[in-house]
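Notes follow the structure.
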Number of protein chains: 2
Amino acid sequence: MTMYQTIMNSISIDCIIFGFNNGVLEALLVKHAIGDSKGEWGLPGGIINKGESIDAAAQRTLRELTGLENIFLEQLKAFGDPKRIPTNRVITIGYYALINREEYDVKAGLTVSEAKWYKINSIPNLIYDHNEILDFGLKKLQTRILNAPIGFNLLPEKFTLLQLMHLYEEILGKELDKSNFRRKILKMKLLVALDEKQQDVSHRAAKLYQFDSDIYEKLSQKGFNFEI
Amino acid sequence: MTMYQTIMNSISIDCIIFGFNNGVLEALLVKHAIGDSKGEWGLPGGIINKGESIDAAAQRTLRELTGLENIFLEQLKAFGDPKRIPTNRVITIGYYALINREEYDVKAGLTVSEAKWYKINSIPNLIYDHNEILDFGLKKLQTRILNAPIGFNLLPEKFTLLQLMHLYEEILGKELDKSNFRRKILKMKLLVALDEKQQDVSHRAAKLYQFDSDIYEKLSQKGFNFEI
DNA sequence: TATACTTATGGTTAATATGACAACAAGTTT
DNA sequence: AAACTTGTTGTCATATTAACCATAAGTATA
């Protein structure tokens with residue numbers, strides 16, 4: 001044990017990475033390749049360098065794991081049960097990220113042998129308190145998606161209103177009325193209708209929309225409500 | 001530096017303690033009596049014992065500083081800018097508490113020479129990033145009070161509807177309509193009208209109400225909206 | 001070619017919630 | 001007795017909402 005550590009002791013970062021695939025909400029899990037928990041699944045996590053902010057550590061962890069940057073990433077909270085890890089006392093700071101699965105290839109790196117998307121309803125037993133962290137993150141996502149248009153981060157750049165609604169349905173766990181959803185979401189003026197339609201569908205093609213981040217900036221400054 | 005620490009290194013707890021006095025929202029600050037920051041004001045904080053959860057550490061810190069227990073206390077988040085303290089790298093976990101000032105006497109303890117309530121609009125320059133933490137806590141309080149009836153923790157056990165409204169006005173920083181406030185708050189069925197009235201007021205005495213925690217439990221299970 | 005089928009999109013309507021404000025009640029002070 | 005202060009109740013036009021219904025625009029099937 002040296003006096004000058006380059007990393008923070010007893011503190012870690014754990015990230016919940018949400019994705020959306022075939023209408024199903026998923027989370028990215030990794031299989032540990034070394035240590036006590038070898039062979040077990042958990043949330044991707046990491047440590048904090050001495051000179052690095054915790055947000056930056058979360059960004060770096062995410063980059064190391066998924067290769068992606070400029071992502072919606074938000075702190076959940078700190079998890080600090082003294083027995084959350086049996087062998088030593090570590091406080092972890094949870095983050096969650098929303099990524100568009102089409103844009104990124106995820107590859108296992110460093111101390112993990114495998115990285116895999118799990119449907120949110122089929123999460124296996126995870127190491128430590130990672131199931132608890134994931135539950136907390138899901139609840140946070142559910143409330144957050146009602147107050148800010150963060151769901152767009154899970155979708156491709158161009159999407160239909162029904163795709164967006166199905167995303168809300170999947171996250172909130174309840175059915176929505178398409179007519180009412182359409183009216184409410186359009187009333188917010190956050191979406192820009194494109195001159196394009198869906199391709200290769202075996203039914204009437206829906207109009208594609210895009211999320212307008214300029215409008216979002218303007219609206220979020222004076223605060224807005226996103227209740228569905 | 002020994003191998004076996006009894007406290008967690010490089011992690012601290014800081015508490016925002018909100019009170020409500022004469023219609024004004026206040027926060028409890030302490031004046032440091034030792035160390036680099038001697039003589040300066042800051043949020044009451046402390047360290048985490050090895051065998052203690054972070055929530056328990058926050059409760060204990062609060063007890064040591066104010067003598068109070070069984071308090072509404074909620075974690076804000078972790079603050080982890082590497083330069084938030086100039087001399088060494090410490091990540092702090094912020095908490096906030098709402099207390100009824102009538103019920104407790106606050107006394108300075110341990111490493112502080114003074115503990116004092118400051119009006120939320122007259123907060124002095126605080127040590128480290130404590131002003132930032134306080135701002136974050138206030139914003140959290142503002143959004144939280146719209147989704148859960150936590151405001152009751154700031155009031156005496158029995159209160160009038162107008163007192164409750166003034167609390168909301170003070171926290172949200174805007175005026176409310178007394179008629180509409182009354183209608184909305186009573187519709188939630190969270191308040192129990194008592195057979196008592198205000199005493200010693202130089203105008204018509206208002207009916208006193210009480211917060212019913214049984215009803216709260218039932219309602220919060222199926223979730224409710226507290227928009228004012 | 002006609003018919004069924006699927007999803008998209010655009011109403012309709014009754015019930016409810018909201019904001020703004022007026023009116024009256026019950027006390028105290030002048 | 002009149003003015004004043006705060007509490008309490010009521011009104012009303014408008015906005016919002018949930019729950020439907022109807023039609024449009026395509027594809028698939030017979």
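All chains are named by letter (A, B, ...) in the order of the sequence lines, taking the proteins before the strands, and each is independently numbered beginning at 1.
Protein chain A contacts DNA chain C from C:dT7 to C:dG11, reading 5' to 3' and using non-hydrogen atoms of the protein with a distance under 4.0 Å.
Rounded to whole Å, atom C1' of D:dT16 lies 13 Å from atom CD of A:Glu227. When rounded to the nearest whole Å, the span between CZ of B:Phe159 and P of D:dG7 equals 14 Å. A:Lys178 has its NZ atom 12 Å from the C1' atom of D:dT23, to the nearest Å.
On a pure distance criterion of 3.5 Å, no polar donor-acceptor pair joins the side chain of B:Lys207 and the base of D:dG7.
Under a 3.5 Å cut-off, the side chain of B:Thr61 and the backbone N or O of B:Gly45 do not form any donor-acceptor pair. The closest donor-acceptor contact from the side chain of B:Gln198 to the backbone of B:Ala206 lies under 3.5 Å. In this structure a side-chain-to-backbone donor-acceptor pair under 3.5 Å is missing from B:Gln210 to B:Leu194. No donor-acceptor distance shorter than 3.5 angstrom exists from the side chain of B:Asn22 to the backbone of B:Val24, with no hydrogens or angles considered. B:Gln75 places a side-chain N or O within 3.5 Å of a backbone atom of A:Ala78 that can act as its donor or acceptor partner.
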Show which side-chain atoms of residues 144-154 of chain A pair as donor or acceptor with protein atoms under 3.5 Å away, not counting sequence neighbours.
from: A:Arg144; atom 1: NE; to: A:Glu74; atom 2: OE1; distance (Å): 3.0
from: A:Arg144; atom 1: NE; to: A:Glu74; atom 2: OE2; distance (Å): 3.3
from: A:Arg144; atom 1: NH2; to: A:Glu74; atom 2: OE2; distance (Å): 3.3
from: A:Asn147; atom 1: ND2; to: A:Thr143; atom 2: O; distance (Å): 3.2
from: A:Asn153; atom 1: ND2; to: A:Ile150; atom 2: O; distance (Å): 2.7

Could you list the donor-acceptor pairs under 3.5 angstrom formed between side-chain atoms of residues 125-133 of chain B and any protein atom two or more places apart in sequence or on another chain?
from: B:Asp129; atom 1: OD1; to: B:Arg84; atom 2: NE; distance (Å): 3.1
from: B:Asp129; atom 1: OD1; to: B:Arg84; atom 2: NH2; distance (Å): 3.0
from: B:Asp129; atom 1: OD2; to: B:Arg84; atom 2: NE; distance (Å): 2.7
from: B:His130; atom 1: ND1; to: B:Leu43; atom 2: N; distance (Å): 2.9
from: B:His130; atom 1: NE2; to: B:Asp14; atom 2: OD2; distance (Å): 3.4
from: B:Asn131; atom 1: OD1; to: B:Leu126; atom 2: N; distance (Å): 2.8
from: B:Asn131; atom 1: ND2; to: B:Pro124; atom 2: O; distance (Å): 3.2

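Closest to the A:Arg204 side chain, of the nucleotides D:dA28, D:dA24, D:dT8, is D:dA24.
A 4.5 Å side-chain heavy-atom check between A:Ile17 and A:Ile71 finds every atom pair outside the cut-off. Residues B:Leu162 and B:His166 meet the side-chain proximity criterion, which asks for heavy atoms closer than 4.5 Å.
Shown for residues 179-201 of chain A: residues whose heavy atoms fall under 4.0 angstrom of DNA chain C, namely A:Ser179, A:Arg182.
Among the atoms of the strands shown, none is found under 4.0 Å from any heavy atom of A:Leu161.
If B:His166 and B:Asp177 are placed on DNA chain D by their nearest nucleotide, the residue sitting closer to the 5' end is B:His166.
Helix-axis bend for the helix from C:dT1-D:dA30 to C:dT30-D:dA1: the local axis fitted to the five terminal pairs at one end deviates from that at the other end by 10°, rounded to 10°.
Relative orientation of the A:Phe136 and A:Phe79 rings is perpendicular, given thresholds of 30° and 60° on the angle between their planes.
Judged as a salt bridge (Lys or Arg N to Asp or Glu O under 4.0 Å), the pairs with a partner in residues 147-171 of chain A (not counting sequence neighbours) are, in order, A:Lys158-A:Glu196.
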